[in-house]
Number of protein chains: 2
Amino acid sequence: MREYKKRSRVLLIDDNAEHLRGVKELITLESSYDVAGATTNANIGINLAKKYRPDIILMDINMPEKDGLQAIQELEKLDIGVKVIALSAYDDADLIFRAMKIGAKGYVLKTMASAQLIYAMDEVTSGKVYLPTALTSRFFEYFQRSFKNEANNSQEENLLTYLTAREEEVLDLLTQGNNYKGIAGKLFISETTVKTHVNNIFQKLQVNDRTQAVLYALNNGFANRRHTKMAV
Amino acid sequence: MREYKKRSRVLLIDDNAEHLRGVKELITLESSYDVAGATTNANIGINLAKKYRPDIILMDINMPEKDGLQAIQELEKLDIGVKVIALSAYDDADLIFRAMKIGAKGYVLKTMASAQLIYAMDEVTSGKVYLPTALTSRFFEYFQRSFKNEANNSQEENLLTYLTAREEEVLDLLTQGNNYKGIAGKLFISETTVKTHVNNIFQKLQVNDRTQAVLYALNNGFANRRHTKMAV
DNA sequence: GAATTCATCAATCCAAAGATGTAGGACAAA
DNA sequence: TTTGTCCTACATCTTTGGATTGATGAATTC
């Protein structure tokens, strides 16, 4: 018994009414959590979350109409401190990755034992992020693959290396959405000079216009060296 | 006994000679792994790896001279299929993240029970990625925090939601570097129609030209759901 | 059935972007 | 000193992009 501590409240969102009922029963009977609400509709679920402020939400992410991932994202944006555990029928690395990326505190397969779900809830309640070992492994396969590709890309040959320092400056300003005038103003040079630079950049990057140049820059680890792209 | 299967070979790299000896003994006595080599020097370790092709490397990443992380990176570049498990005294989220990012197949604390280390080796040998639960949680704290900052930027309001389906298609093609003609051709509509859509997009996204529209799209989780920038 | 919304297309006009060629001065390397 | 690279700058010309207005049919909503 841990009646001395406030029981955590759980909100259930699952478009499969049957599964919803099953989980509700499971939690009611086999855990120390209170079910604060249960719905088959994601939008209603979000509103319930706003209203009742549950500690945890179990969110089915395989819903046809409203995407569960999107719902998680909206909940995170609300910033009401609710911890979302994604429930899914699939162990797709991609799905797991996206769920965790947008802030899910856990990811549990529907096929997993009920004890696992309750354990996940316990861990998440205590402030941790919980992923079953098997899913962790899948997650990292995806995670590492996405960085590996990146390494390979930069290995091939980065046309950006052919740019002069000045051209890099210009390209940097291009990637911030500046036009010729804006760049000229910021670099204290004439607009025609900027045009010259930009044309040289096009030649070196083998592109036809500024949009393509910007895209090339962003996709090849340009500038914002603080950021690394990542497949999602 | 599983003498029927080829015993996996392990290479140990740890600048702490004492710890190195301890691990070696542990593996020799309490596991079914063979120690293919052991060294206190990362560079020598890399050479040993090239020479003896171990299945697994246990790499201390808290070494003063040569950074263990860098060593892992070099090993990954060699692409000899060796699986590296990072050994560390610290459970810094940052360290864990970086180790996993560059391709470590596991991360185990030196303070953890020896059984945990051997379990990690088993998991990694079987092709999985292994992180102890506690470290997984830390990893995800870091992981999610880095995405959260990103999300906050778009927290204000995502103008992309105002786009119609068709406009999204057009914007998607814009983010691939297409000009009017290219988009018209791909959508089988006239160029003027594309112009109309693009203009509407500009209005909705409150930008002045296609480059800014593309940048807005990329920075606000548009389509291109394949790529997301990430602080590293 | 009226009102909206959306996708489609067009004409016009002006601004911006892009292509091309030329050229001078600074600077560094050969 | 010469050669080469880079940054600067301009002129000219063509193409593309962008703003604005208006119009039609289809689908949806009220």
Side-chain angles (χ1 to χ4, degrees), chain A residues 41 43-44 64-66 70 157-220 222-223, chain B residues 157-220 222-224:
Chain A
N41 180 291
N43 289 320
I44 294 177
E65 25 165 336
K66 181 134 199 172
Q70 198 184 322
E157 183 188 18
N158 198 331
L159 297 178
L160 291 173
T161 59
Y162 297 132
L163 299 183
T164 68
R166 197 56 157 174
E167 286 162 357
E168 280 196 9
E169 281 185 271
V170 172
L171 181 52
D172 187 42
L173 291 169
L174 276 183
T175 61
Q176 289 168 32
N178 291 285
N179 57 15
Y180 288 134
K181 194 176 299 185
I183 296 173
K186 273 157 198 164
L187 295 182
F188 304 108
I189 56 180
S190 89
E191 217 173 311
T192 60
T193 303
V194 178
K195 283 195 177 193
T196 304
H197 287 313
V198 170
N199 267 288
N200 290 334
I201 290 170
F202 291 165
Q203 302 307 315
K204 291 185 180 177
L205 301 188
Q206 297 167 26
V207 298
N208 303 310
D209 56 51
R210 64 180 55 214
T211 307
Q212 291 176 5
V214 166
L215 289 170
Y216 185 94
L218 296 180
N219 287 325
N220 290 276
F222 183 66
Chain B
E157 179 185 19
N158 197 334
L159 300 176
L160 291 173
T161 59
Y162 296 132
L163 299 184
T164 67
R166 198 55 160 172
E167 286 163 356
E168 282 195 8
E169 282 186 89
V170 172
L171 180 53
D172 187 41
L173 290 170
L174 275 183
T175 63
Q176 289 167 34
N178 291 284
N179 58 14
Y180 287 133
K181 194 175 299 183
I183 296 173
K186 273 158 197 163
L187 295 182
F188 303 106
I189 56 180
S190 87
E191 217 173 311
T192 61
T193 303
V194 178
K195 283 194 176 194
T196 304
H197 286 314
V198 170
N199 266 288
N200 290 335
I201 290 170
F202 291 165
Q203 302 307 315
K204 291 184 180 178
L205 301 188
Q206 297 166 27
V207 297
N208 304 310
D209 56 52
R210 63 181 54 214
T211 306
Q212 290 176 5
V214 167
L215 288 170
Y216 185 94
L218 296 180
N219 288 325
N220 290 276
F222 181 67
N224 227 333

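Quick note on labels: first sequence line is chain A, next is B, and so on, each numbered from 1.
- Using a 4.0 Å heavy-atom criterion, one finds that A/K195 contacts the bases of the nucleic acid, with or without backbone contacts as well.
- Ranked by how close their nearest DNA chain C nucleotide is to the 5' end, B/D209 and B/T196 are led by B/T196.
- Between the CG atom of B/N199 and the P atom of C/dA10 there is a distance of 16 Å, rounded to whole Å.
- Proximity of a side-chain donor or acceptor of A/N178 to a complementary backbone N or O of A/L173 within less than 3.5 Å is detected.
- Residue B/T193 places its side chain closer to C/dT8 than to any other of C/dA10, C/dT8, C/dT20.
- Nucleotide C/dA16 holds its C1' atom 13 Å from the CG atom of A/L174, rounded to whole Å.
- No donor-acceptor distance shorter than 3.5 angstrom exists from the side chain of B/E191 to the backbone of B/Y180, with no hydrogens or angles considered.
- Note: CD (B/E168) to C1' (C/dC6) measures 14 Å, nearest angstrom.
- With hydrogens and angles ignored, the 3.5 Å screen pairs no side-chain donor or acceptor of B/R210 with any backbone N or O of A/R210.
- Straight-line distance from the CZ atom of A/F202 to the P atom of C/dT20: 13 Å, rounded to whole Å.
- In this structure, the CG atom of A/N200 is 13 Å from the P atom of C/dG21, given to the nearest Å.
- Atom CG of A/L205 is separated from atom P of C/dA19 by 12 Å (rounded to the nearest Å).
- Minimum interatomic distance between A/L163 and A/E167 (heavy atoms only, all atoms of both residues): CA-OE1, 3.4 Å.
- If you take CD1 of B/I183 and P of C/dT8, they are 13 Å apart, rounded to a whole angstrom.
- Nucleic acid contact for B/T164: sugar-phosphate only, since backbone atoms but no base atoms lie under 4.0 Å from a heavy atom of the residue.
- Going from atom CZ of A/R210 over to atom C1' of C/dG18 covers 9 Å, rounded to whole Å.
- Here the shortest heavy-atom pairing between B/T175 and B/A217 reads CG2-CB, 3.9 Å.
- Using a distance-only test at 3.5 Å, with no hydrogens or angles considered, no donor-acceptor pair links the side chain of A/D172 to the main chain of A/E168.
- For the pair A/V170 and A/I201, the minimum side-chain heavy-atom distance is below 4.5 Å.
- For the pair A/N179 and B/E191, nearest-nucleotide mapping onto DNA chain C gives the more 5' position to B/E191.
- Nucleotides of DNA chain D with any atom under 4.0 Å from a heavy atom of chain A span, from 5' to 3', D/dC6 to D/dC10.
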